[in-house]
Number of protein chains: 2
Amino acid sequence: MSQFEDDDAAEAAFYQAFENCDIKAMELIWARDDVICIHPGSSALVGHDVVMQSWSNILLNAQQPQLQYDVIRRTSNQNLAIHVVKELISPAEFPLESAMIFATNVYVRDHDNGWLLYAHHASATRQKFEKHTLQ
Amino acid sequence: MSQFEDDDAAEAAFYQAFENCDIKAMELIWARDDVICIHPGSSALVGHDVVMQSWSNILLNAQQPQLQYDVIRRTSNQNLAIHVVKELISPAEFPLESAMIFATNVYVRDHDNGWLLYAHHASATRQKFEKHTLQ
(Lines give C-alpha, C1' and ligand atoms only; values in the text may rest on other atoms or scores of the structure.)
Protein backbone atom coordinates (compact mmCIF):
# COMPACT_ATOMS: atom_id res chain seq x y z
CA MET A 1 0.00 0.00 0.00
CA SER A 2 1.30 3.40 -0.97
CA GLN A 3 1.51 6.04 1.71
CA PHE A 4 0.81 9.58 0.64
CA GLU A 5 1.80 11.99 3.35
CA ASP A 6 -0.36 14.83 2.08
CA ASP A 7 -2.98 15.70 -0.51
CA ASP A 8 -0.40 17.11 -2.91
CA ALA A 9 1.55 13.86 -2.91
CA ALA A 10 -1.63 11.88 -3.62
CA GLU A 11 -2.53 14.25 -6.41
CA ALA A 12 0.90 14.09 -8.02
CA ALA A 13 0.67 10.27 -7.92
CA PHE A 14 -2.82 10.37 -9.44
CA TYR A 15 -1.73 12.43 -12.44
CA GLN A 16 1.47 10.43 -12.81
CA ALA A 17 -0.54 7.20 -12.95
CA PHE A 18 -2.87 8.80 -15.51
CA GLU A 19 0.03 10.00 -17.67
CA ASN A 20 1.78 6.64 -17.43
CA CYS A 21 -1.46 4.71 -18.11
CA ASP A 22 -0.54 2.70 -15.02
CA ILE A 23 -3.68 1.06 -13.65
CA LYS A 24 -1.84 -0.62 -10.75
CA ALA A 25 -0.53 2.73 -9.56
CA MET A 26 -3.98 4.27 -10.08
CA GLU A 27 -5.60 1.67 -7.83
CA LEU A 28 -3.33 2.56 -4.93
CA ILE A 29 -4.33 6.22 -4.98
CA TRP A 30 -8.06 5.76 -4.37
CA ALA A 31 -9.69 5.30 -1.00
CA ARG A 32 -11.48 2.04 -0.43
CA ASP A 33 -15.22 1.54 -0.61
CA ASP A 34 -17.48 4.40 -1.45
CA VAL A 35 -15.34 6.48 -3.82
CA ILE A 36 -16.98 8.41 -6.61
CA CYS A 37 -15.78 9.42 -10.07
CA ILE A 38 -17.39 11.51 -12.78
CA HIS A 39 -15.53 11.43 -16.10
CA PRO A 40 -16.17 14.28 -18.58
CA GLY A 41 -19.70 14.07 -19.97
CA SER A 42 -20.52 10.97 -17.93
CA SER A 43 -22.74 9.99 -15.05
CA ALA A 44 -21.35 9.39 -11.58
CA LEU A 45 -19.63 6.07 -10.93
CA VAL A 46 -19.78 4.89 -7.33
CA GLY A 47 -17.67 2.29 -5.56
CA HIS A 48 -14.03 1.27 -5.83
CA ASP A 49 -14.50 -1.61 -8.26
CA VAL A 50 -16.72 0.32 -10.68
CA VAL A 51 -14.41 3.32 -10.63
CA MET A 52 -11.34 1.15 -11.18
CA GLN A 53 -13.01 -0.60 -14.10
CA SER A 54 -13.61 2.78 -15.74
CA TRP A 55 -9.98 3.78 -15.29
CA SER A 56 -8.86 0.43 -16.63
CA ASN A 57 -10.93 1.04 -19.76
CA ILE A 58 -9.48 4.54 -20.16
CA LEU A 59 -5.85 3.71 -19.43
CA LEU A 60 -5.68 0.50 -21.43
CA ASN A 61 -6.94 2.37 -24.49
CA ALA A 62 -4.83 5.49 -24.09
CA GLN A 63 -1.30 6.03 -25.38
CA GLN A 64 0.31 7.87 -22.51
CA PRO A 65 -1.07 11.37 -22.98
CA GLN A 66 0.91 14.43 -22.03
CA LEU A 67 -0.71 15.88 -18.96
CA GLN A 68 -0.19 19.12 -17.08
CA TYR A 69 -2.20 20.26 -14.12
CA ASP A 70 -2.49 23.36 -12.03
CA VAL A 71 -4.39 23.70 -8.73
CA ILE A 72 -6.47 26.86 -9.02
CA ARG A 73 -8.25 26.70 -5.64
CA ARG A 74 -7.88 24.54 -2.56
CA THR A 75 -9.17 24.22 0.94
CA SER A 76 -8.42 21.59 3.54
CA ASN A 77 -8.36 20.66 7.17
CA GLN A 78 -6.85 17.77 9.10
CA ASN A 79 -8.56 14.94 7.19
CA LEU A 80 -10.29 16.39 4.13
CA ALA A 81 -8.81 18.33 1.22
CA ILE A 82 -10.48 19.74 -1.88
CA HIS A 83 -8.55 20.88 -4.93
CA VAL A 84 -10.06 22.46 -8.02
CA VAL A 85 -7.61 21.71 -10.80
CA LYS A 86 -7.16 22.79 -14.39
CA GLU A 87 -5.91 19.87 -16.49
CA LEU A 88 -4.39 20.12 -19.94
CA ILE A 89 -4.39 16.75 -21.66
CA SER A 90 -2.69 16.20 -25.00
CA PRO A 91 -3.29 12.81 -26.64
CA ALA A 92 -0.07 11.12 -27.75
CA GLU A 93 -1.57 10.68 -31.22
CA PHE A 94 -2.46 14.39 -31.57
CA PRO A 95 -0.02 16.26 -29.38
CA LEU A 96 -1.12 19.70 -30.60
CA GLU A 97 -4.78 19.08 -29.83
CA SER A 98 -5.16 19.55 -26.13
CA ALA A 99 -8.30 19.24 -24.07
CA MET A 100 -8.83 21.60 -21.19
CA ILE A 101 -10.54 19.84 -18.33
CA PHE A 102 -11.57 21.16 -14.93
CA ALA A 103 -11.57 18.69 -12.07
CA THR A 104 -12.60 18.80 -8.45
CA ASN A 105 -10.50 16.32 -6.50
CA VAL A 106 -11.38 15.38 -2.93
CA TYR A 107 -8.82 13.67 -0.70
CA VAL A 108 -9.44 11.98 2.62
CA ARG A 109 -6.90 11.16 5.29
CA ASP A 110 -6.99 7.67 6.63
CA HIS A 111 -4.68 7.16 9.60
CA ASP A 112 -3.51 3.78 8.34
CA ASN A 113 -3.07 4.70 4.70
CA GLY A 114 -2.29 8.41 4.58
CA TRP A 115 -4.09 10.62 2.07
CA LEU A 116 -6.17 8.97 -0.63
CA LEU A 117 -8.46 10.14 -3.42
CA TYR A 118 -12.15 10.01 -2.49
CA ALA A 119 -13.78 11.84 -5.41
CA HIS A 120 -12.76 13.02 -8.87
CA HIS A 121 -15.23 15.10 -10.87
CA ALA A 122 -13.95 16.13 -14.29
CA SER A 123 -15.66 18.16 -16.98
CA ALA A 124 -14.58 19.49 -20.34
CA THR A 125 -15.05 23.05 -21.43
CA ARG A 126 -17.03 23.50 -24.59
CA GLN A 127 -13.82 24.65 -26.28
CA LYS A 128 -12.55 21.06 -26.15
CA PHE A 129 -9.69 20.10 -28.42
CA GLU A 130 -8.71 23.62 -29.28
CA LYS A 131 -5.21 24.75 -28.57
CA HIS A 132 -4.86 25.50 -24.90
CA THR A 133 -2.12 26.40 -22.52
CA LEU A 134 -2.22 26.40 -18.77
CA GLN A 135 -1.31 30.10 -18.55
CA MET B 1 -26.84 37.26 6.92
CA SER B 2 -28.48 33.85 6.69
CA GLN B 3 -27.40 31.21 9.15
CA PHE B 4 -27.31 27.66 7.87
CA GLU B 5 -26.88 25.26 10.72
CA ASP B 6 -25.59 22.42 8.57
CA ASP B 7 -24.55 21.54 5.03
CA ASP B 8 -27.97 20.13 4.17
CA ALA B 9 -29.68 23.39 5.11
CA ALA B 10 -27.24 25.37 2.98
CA GLU B 11 -27.79 22.99 0.08
CA ALA B 12 -31.58 23.17 0.34
CA ALA B 13 -31.34 26.97 0.31
CA PHE B 14 -29.01 26.88 -2.71
CA TYR B 15 -31.40 24.81 -4.81
CA GLN B 16 -34.39 26.83 -3.59
CA ALA B 17 -32.70 30.05 -4.68
CA PHE B 18 -31.89 28.44 -8.04
CA GLU B 19 -35.45 27.25 -8.53
CA ASN B 20 -36.90 30.60 -7.48
CA CYS B 21 -34.38 32.53 -9.64
CA ASP B 22 -33.68 34.54 -6.49
CA ILE B 23 -30.28 36.19 -6.80
CA LYS B 24 -30.50 37.86 -3.39
CA ALA B 25 -31.06 34.50 -1.70
CA MET B 26 -28.29 32.97 -3.83
CA GLU B 27 -25.79 35.58 -2.64
CA LEU B 28 -26.38 34.68 1.00
CA ILE B 29 -25.52 31.03 0.48
CA TRP B 30 -21.98 31.49 -0.79
CA ALA B 31 -18.92 31.94 1.37
CA ARG B 32 -17.06 35.19 1.01
CA ASP B 33 -13.86 35.71 -0.94
CA ASP B 34 -12.31 32.84 -2.78
CA VAL B 35 -15.32 30.77 -3.81
CA ILE B 36 -15.23 28.83 -7.06
CA CYS B 37 -17.95 27.84 -9.50
CA ILE B 38 -17.86 25.75 -12.66
CA HIS B 39 -21.07 25.82 -14.66
CA PRO B 40 -21.71 22.98 -17.14
CA GLY B 41 -19.29 23.18 -20.06
CA SER B 42 -17.58 26.27 -18.68
CA SER B 43 -14.27 27.27 -17.21
CA ALA B 44 -13.80 27.86 -13.51
CA LEU B 45 -14.98 31.18 -12.12
CA VAL B 46 -13.12 32.35 -9.02
CA GLY B 47 -14.13 34.94 -6.45
CA HIS B 48 -17.44 35.97 -4.92
CA ASP B 49 -18.20 38.86 -7.29
CA VAL B 50 -17.42 36.94 -10.48
CA VAL B 51 -19.41 33.92 -9.34
CA MET B 52 -22.38 36.08 -8.32
CA GLN B 53 -22.31 37.85 -11.68
CA SER B 54 -22.57 34.47 -13.42
CA TRP B 55 -25.55 33.46 -11.27
CA SER B 56 -27.16 36.81 -11.91
CA ASN B 57 -26.86 36.20 -15.66
CA ILE B 58 -28.33 32.71 -15.29
CA LEU B 59 -31.16 33.53 -12.92
CA LEU B 60 -32.28 36.73 -14.58
CA ASN B 61 -32.64 34.86 -17.88
CA ALA B 62 -34.31 31.74 -16.51
CA GLN B 63 -38.01 31.23 -15.94
CA GLN B 64 -38.07 29.37 -12.63
CA PRO B 65 -37.07 25.87 -13.73
CA GLN B 66 -38.33 22.83 -11.93
CA LEU B 67 -35.43 21.37 -10.04
CA GLN B 68 -34.99 18.13 -8.14
CA TYR B 69 -31.78 16.98 -6.51
CA ASP B 70 -30.54 13.89 -4.82
CA VAL B 71 -27.28 13.55 -2.85
CA ILE B 72 -25.58 10.41 -4.11
CA ARG B 73 -22.41 10.56 -2.00
CA ARG B 74 -21.27 12.74 0.87
CA THR B 75 -18.43 13.03 3.30
CA SER B 76 -17.85 15.66 5.95
CA ASN B 77 -16.15 16.58 9.17
CA GLN B 78 -16.52 19.45 11.57
CA ASN B 79 -15.94 22.30 9.10
CA LEU B 80 -15.92 20.85 5.56
CA ALA B 81 -18.61 18.91 3.74
CA ILE B 82 -18.65 17.51 0.21
CA HIS B 83 -21.81 16.37 -1.52
CA VAL B 84 -21.97 14.79 -4.97
CA VAL B 85 -25.45 15.54 -6.22
CA LYS B 86 -27.58 14.47 -9.15
CA GLU B 87 -29.69 17.37 -10.39
CA LEU B 88 -32.68 17.12 -12.68
CA ILE B 89 -33.52 20.49 -14.19
CA SER B 90 -36.64 21.04 -16.28
CA PRO B 91 -36.88 24.40 -18.00
CA ALA B 92 -40.23 26.12 -17.43
CA GLU B 93 -40.58 26.55 -21.19
CA PHE B 94 -39.98 22.83 -21.91
CA PRO B 95 -41.09 20.92 -18.81
CA LEU B 96 -40.69 17.51 -20.43
CA GLU B 97 -37.11 18.14 -21.52
CA SER B 98 -34.99 17.68 -18.45
CA ALA B 99 -31.24 18.00 -18.18
CA MET B 100 -29.39 15.63 -15.90
CA ILE B 101 -26.52 17.42 -14.22
CA PHE B 102 -23.97 16.09 -11.74
CA ALA B 103 -22.60 18.55 -9.23
CA THR B 104 -19.94 18.46 -6.57
CA ASN B 105 -20.85 20.94 -3.84
CA VAL B 106 -18.36 21.86 -1.15
CA TYR B 107 -19.53 23.57 2.04
CA VAL B 108 -17.39 25.27 4.66
CA ARG B 109 -18.32 26.08 8.22
CA ASP B 110 -17.59 29.58 9.37
CA HIS B 111 -18.18 30.08 13.08
CA ASP B 112 -19.79 33.46 12.53
CA ASN B 113 -21.93 32.56 9.57
CA GLY B 114 -22.70 28.83 9.83
CA TRP B 115 -22.31 26.63 6.75
CA LEU B 116 -21.81 28.29 3.39
CA LEU B 117 -21.14 27.11 -0.16
CA TYR B 118 -17.47 27.25 -1.13
CA ALA B 119 -17.45 25.41 -4.47
CA HIS B 120 -20.01 24.24 -7.01
CA HIS B 121 -18.82 22.16 -9.95
CA ALA B 122 -21.58 21.11 -12.33
CA SER B 123 -21.38 19.09 -15.51
CA ALA B 124 -23.93 17.74 -17.93
CA THR B 125 -24.05 14.18 -19.11
CA ARG B 126 -23.82 13.70 -22.85
CA GLN B 127 -27.45 12.53 -22.77
CA LYS B 128 -28.51 16.11 -22.07
CA PHE B 129 -32.12 17.04 -22.68
CA GLU B 130 -33.39 13.51 -22.93
CA LYS B 131 -36.12 12.42 -20.61
CA HIS B 132 -34.66 11.69 -17.21
CA THR B 133 -35.90 10.81 -13.81
CA LEU B 134 -33.96 10.84 -10.59
CA GLN B 135 -34.59 7.13 -9.96
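To find a chain, count down the sequence lines: A is the first, B the second, and so on, and within it residues start at 1. Since this is a predicted model, take the numbers as computed values, not measurements.
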- Query: Quick one: CD1 on I72(A) to CD1 on I38(B), what's the gap to the nearest 0.5 Å?
  - Reply: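 Separation between the atoms: 6.0 Å.
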- Query: Who are the side-chain hydrogen bond (donor to acceptor under 3.5 Å, both in side chains) partners of Q16(A), not counting sequence neighbours?
  - Reply: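 Partners of Q16(A) by the side-chain hydrogen bond (donor to acceptor under 3.5 Å, both in side chains) criterion, ordered by chain and then number, come out as N20(A).
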- Message: Using the side-chain hydrogen bond (donor to acceptor under 3.5 Å, both in side chains) criterion, which residues pair with S54(A)? Sequence neighbours excluded.
- Response: H39(A)
- Query: Does V106(A) share a hydrophobic cluster with L28(A), counting links as ILVMFWY side-chain heavy atoms below 4.5 Å and allowing steps through other members?
  - Reply: no
- Message: Test of understanding: clusters of I, L, V, M, F, W, Y form through side-chain heavy atoms closer than 4.5 Å, transitively. Do V108(B) and L45(B) belong to the same one?
- Response: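 No, no single cluster joins them.
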- Interface residues of residues 73-85 of chain A facing chain B - non-hydrogen atoms under 4.5 Å apart: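 Residues of residues 73-85 of chain A touching chain B at under 4.5 Å: R73(A), R74(A), T75(A), S76(A), N77(A), Q78(A), N79(A), L80(A), I82(A), V84(A).
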- Could you tell me which non-hydrogen atom of T125(B) sits nearest to which non-hydrogen atom of S43(A), and how far apart they are?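 Looking at all heavy atoms of both residues, the closest pair is CG2-OG, 3.7 Å.
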- Message: Per the side chain to side chain donor-acceptor pair (under 3.5 Å) rule, what does the pair list look like for residues 115-124 of chain B, sequence neighbours excluded?
- Response: T104(A)-H121(B), H121(A)-S123(B), S123(A)-H121(B), N105(B)-H120(B)
